[in-house]
*Asks:* 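Submitted below is the structure of interest, expressed as structure tokens.
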Amino acid sequence: MSNHDASNAVIQPTNFIHQIIEQDQQQGLEKVVTRFPPEPNGYLHIGHAKSICLNFGTAEKYNGECNLRFDDTNPGKEDQEFVDAIMDDVRWLGFNWAGEVRYASNYFDTFYAWAQHLIREGKAYVCDLSPEEASEYRGWATEPGKNSPFRERSVDENLDLLERMKQGEFDEGSRVLRAKIDMTSPNMNLRDPILYRIRKASHHQTGDKWCIYPSYDFAHGQEDAIEGVTHSICTMEFADHRPLYEWFIENLPVPSKPRQYEFGRLNINYTVTSKRKLKQLVDEGHVNGWDDPRMPTIQGMRRRGYSPQAVRNFCDSLAVAKTDGTVDMAQFEFFIREDLNENAARAMCVMNPLKLVITNFPEGEVEMLSAPVHPQKEMGTRTLPFTRELYMDRGDFNEDSTLSRKKFRVLVPGDYMRLRSAYVIKAEDVIKDADGEIIEVHASLVPGTVGENPPEGMKPRGVMHWVSATEGKQATVRIYDRLFNVESPDKGEGDFLANINPDSFSEITNCWVEPDLLNAAPETGFQFEREGYFVADRYEHSPEHPVFNKTIGLRDTWKK
RNA sequence: UGGGGUAUCGCCAAGCGGUAAGGCAACGGGUUUUGAUCUCGUCAUGCGGAGGUUCGAAUCCUCCUACCCCAGCCA
């Protein structure tokens, strides 16, 4: 069991950030404000989900607010498509951001004024070094950098140059605005970092208004300050930037003083979560788009049938610490199953059909049986049409009647088996085709065994699922397995693509399901009993052409 | 290498000087018309290593080791 309190919400473990917040509150902090600041240059994945849960969850926990803010400072890589998808993802997870969606680009005018402010203070200058030259001047870990020859330009010249950069007078790459900090700092981020670079690209929010765009460093902390963010939570790789983050907060007339805190990124084994790699999987067609059910994207998980609650429970179970560990996929799967077991309606689906004829049940007759939607919870009942001709799964029949009852809970000639939510039957005969392949099993039902135990001496070997061959419906089932078959696909020598699991996807078109399943709304999750959890496909499922995606199998503890 | 960060059970972790929580996984037992669920139980004389301080150390000090991040006009 995971940690649940009385209201069945996952108890969030305390973490160092919450400890800090509680200390701050004791010092008089009134309202906690956080933000989730994605760059709209790709789709969100499970790692972002952790950040979303942390930021929104923290605000929720302390009755504060959390903003959704797009860090859109690099128009070349960004797109409205991603803005839309990200908003959809955050909502799907069940979070509401405070007020309107924010954009870094909302504050571009302010940033420009602040750049001028730094120039006037003698703390910023326009540098004409080429990228290559700048790299040389920057020095290296063990060797200090050299001051740029443009470092001592006059305030007026800097102001003029910056204005002309803004007007588009200069080529991309020809000039940048840099902060004047310390070219000998052991922290490379402090060696006169770039504030503005020339980018003559159209921006998805501001169009062609700007020819210069602020760098992440010159934007992020100020965005936080403008929005009154109190705790700016980011991942560990930004720890090196904190001194710079603080430098801007100290040297600019910002309206508030946010603090940055870093936590360790989420890694999960058997998958990848780098935007570059995910994009490559999509672009090269190794998966069918960003929402392919095998993708660790939020869109992919959604289409796979993971519920938002399961994703949140998983994220909340994760510790917020500075360690960079890798969580077992099994831990995620636990929360997916836990949620689906609790909430998914049960149904039957035969995926490898074998005709089963009930010889003592009249032809043409349909008996409507009633079965619970859920074995433990009160979720009502469903009706199952029982007929003379049924389908059972081939894997549930074996011709060898000497098989151990304990190890093989399957139908064998001369023995009994329970049909789930229906009769106990006894296999009597096997019909084969010319090639010797079994094409039908004939069996007789034991009267009075629906909802009742059979008479003494007719102990069923096990329980199996079934669907009426005449009343059931044909459906397509898509089987998904992990995309990679090694624990750390991105570690090691070779290309991570070499670790792709060639059997991660298969489609079965000849499945038989309970007739009611045709009416399932897209994105409804079910447990196909004894098979696993499946979801009606978000886009392609319809009553005319039912399509179910395998979300995850049942926990399977029996050993051969 | 200079800077930043991290090391506690197979995995994720709590622990904040008083004698190793919890979850996942695993392994046993019970219940069961899903080999599911549920349920009961087992699972670190040990906290990267070596010293030291202390009545007492995973927690404090010293040195060492390993791993991750930065050195984009990316975020």
Side-chain angles (χ1 to χ4, degrees), chain A residues 1-3 10-11 13-15 19 37-39 41 71 73-74 76-77 127 129-131 134-135 138-145 172-178 185-191 193-199 212-213 215-217 219-220 234-243 262 264-266 269 275 317-319 321-335 337-338 341-342 346 348 371 374-376 406-407 409 417-424 449-454 460 462-465 527-533 553-559:
Chain A
M1 262 332 276
S2 55
N3 299 316
V10 172
I11 295 171
T14 179
N15 61 59
Q19 288 178 4
E39 182 188 16
N41 69 344
D71 221 346
T73 57
N74 191 1
K77 294 187 174 178
C127 179
L129 252 24
S130 70
S135 176
R138 191 157 36 237
W140 202 65
T142 46
E143 58 183 280
E172 287 189 13
S174 63
R175 287 186 163 87
V176 292
L177 182 73
R178 302 174 69 178
S185 171
N187 181 344
M188 303 297 289
N189 294 119
L190 265 19
R191 321 251 263 225
I194 289 174
L195 274 41
Y196 270 108
R197 70 281 213 210
I198 299 169
R199 278 292 123 78
I212 54 173
Y213 289 91
S215 64
Y216 164 84
D217 288 306
H220 205 93
C234 62
T235 40
M236 285 309 298
E237 66 267 28
F238 293 101
D240 281 342
H241 294 247
R242 189 172 356 106
E262 311 88 19
R265 248 181 205 293
L266 167 64
N269 56 194
K275 264 186 199 172
S317 80
L318 265 13
K322 289 174 180 286
T323 40
D324 53 334
T326 302
V327 177
D328 263 332
M329 190 59 183
Q331 186 166 337
F332 191 9
E333 292 177 338
F334 168 82
F335 287 98
R337 289 197 182 95
E338 181 188 53
N341 173 57
E342 177 87 357
R346 307 293 129 121
M348 291 194 280
H374 193 285
Q376 282 87 30
K406 191 158 176 62
K407 285 189 177 174
R409 302 193 186 174
M417 192 76 171
R418 158 73 71 180
L419 292 179
R420 178 67 166 160
S421 298
Y423 296 94
V424 169
T449 51
V450 175
E452 301 292 337
N453 286 127
V463 182
M464 66 184 198
H465 54 106
Q527 183 197 102
F528 290 166
E529 290 189 285
R530 303 210 312 136
E531 293 287 1
Y533 296 99
L554 256 24
R555 197 162 75 98
D556 192 357
T557 52
W558 61 294
K559 51 256 169 202

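Labels below follow one simple rule: chain letters A, B, ... track the order of the sequence lines, proteins then strands, and each chain is numbered from 1.
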*Asks:* Start at the 5' end of RNA chain B and walk down; is the nucleotide closest to A/E529 or to A/N269 reached first?
*Replies:*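 Looking at RNA chain B, the more 5' nearest nucleotide goes with A/N269.
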
*Asks:* Can you check each nucleotide of nucleotides 69-75 of chain B against protein heavy atoms at under 4.0 Å and return B for base, S for sugar-phosphate only, - for none, in 5' to 3' order?
*Replies:* BSBSBSB

*Asks:* Under the side-chain hydrogen bond (donor to acceptor under 3.5 Å, both in side chains) test, which residues partner A/R191, sequence neighbours left out?
*Replies:*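 Applying side-chain hydrogen bond (donor to acceptor under 3.5 Å, both in side chains) to A/R191 gives none.
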
*Asks:* Who pairs with A/Y533 by side-chain hydrogen bond (donor to acceptor under 3.5 Å, both in side chains), at least two apart in sequence or on another chain?
*Replies:* A/Q527

*Asks:* Restricting to side-chain hydrogen bond (donor to acceptor under 3.5 Å, both in side chains), what partner residues turn up for A/S130, sequence neighbours left out?
*Replies:*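 Per chain and number, A/S130 pairs via side-chain hydrogen bond (donor to acceptor under 3.5 Å, both in side chains) with A/E132, A/E133.
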
*Asks:* Considering every strand shown, what is the Watson-Crick or G-U wobble mate of B/U6 when both distances are under 3.5 Å?
*Replies:*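 Looking at the geometry, B/U6 pairs with B/A66.
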
*Asks:* Is any side-chain N or O of A/T326 closer than 4.0 Å to OP1 or OP2 of B/C12?
*Replies:* no

*Asks:* Would you please confirm or rule out a distance under 4.0 Å between OP1 or OP2 of B/G35 and any side-chain N or O of A/R530?
*Replies:*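 Yes, because at least one side-chain N or O of A/R530 sits under 4.0 Å from OP1 or OP2 of B/G35.
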
*Asks:* Does anything in residues 322-333 of chain A pair up under salt bridge (Lys or Arg N to Asp or Glu O under 4.0 Å), and if so which pairs, sequence neighbours excluded?
*Replies:* A/E262-A/K322

*Asks:* Within the sub-3.5 Å range, which N or O atoms of nucleotides 46-49 of chain B have a protein N or O partner, and how far apart are they?
*Replies:*
none

*Asks:* Suppose we screen for ring-ring contact (aromatic ring centres under 6.0 Å, His included). Which residues come up paired with A/Y423, at least two apart in sequence or across chains?
*Replies:*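 If we apply the ring-ring contact (aromatic ring centres under 6.0 Å, His included) test to A/Y423, skipping adjacent residues, the hits are A/F386.
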
*Asks:* Checking only heavy atoms, does the side chain of A/Q331 share a donor-acceptor pair with the base of B/A13 at less than 3.5 Å?
*Replies:*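 Result: no qualifying N/O pair found.
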
*Asks:* For A/D217, give me all partners under side-chain hydrogen bond (donor to acceptor under 3.5 Å, both in side chains), at least two apart in sequence or on another chain.
*Replies:*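 In terms of side-chain hydrogen bond (donor to acceptor under 3.5 Å, both in side chains), with neighbours along the sequence ignored, A/D217 is linked to A/H241.
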
*Asks:* Below the 4.0 Å mark, does B/G15 have OP1 or OP2 next to a side-chain nitrogen or oxygen of A/Q19?
*Replies:* yes

*Asks:* Can you name the residues that form a salt bridge (charged side-chain N to carboxylate O under 4.0 Å, His left out) with A/R555, not counting sequence neighbours?
*Replies:* none

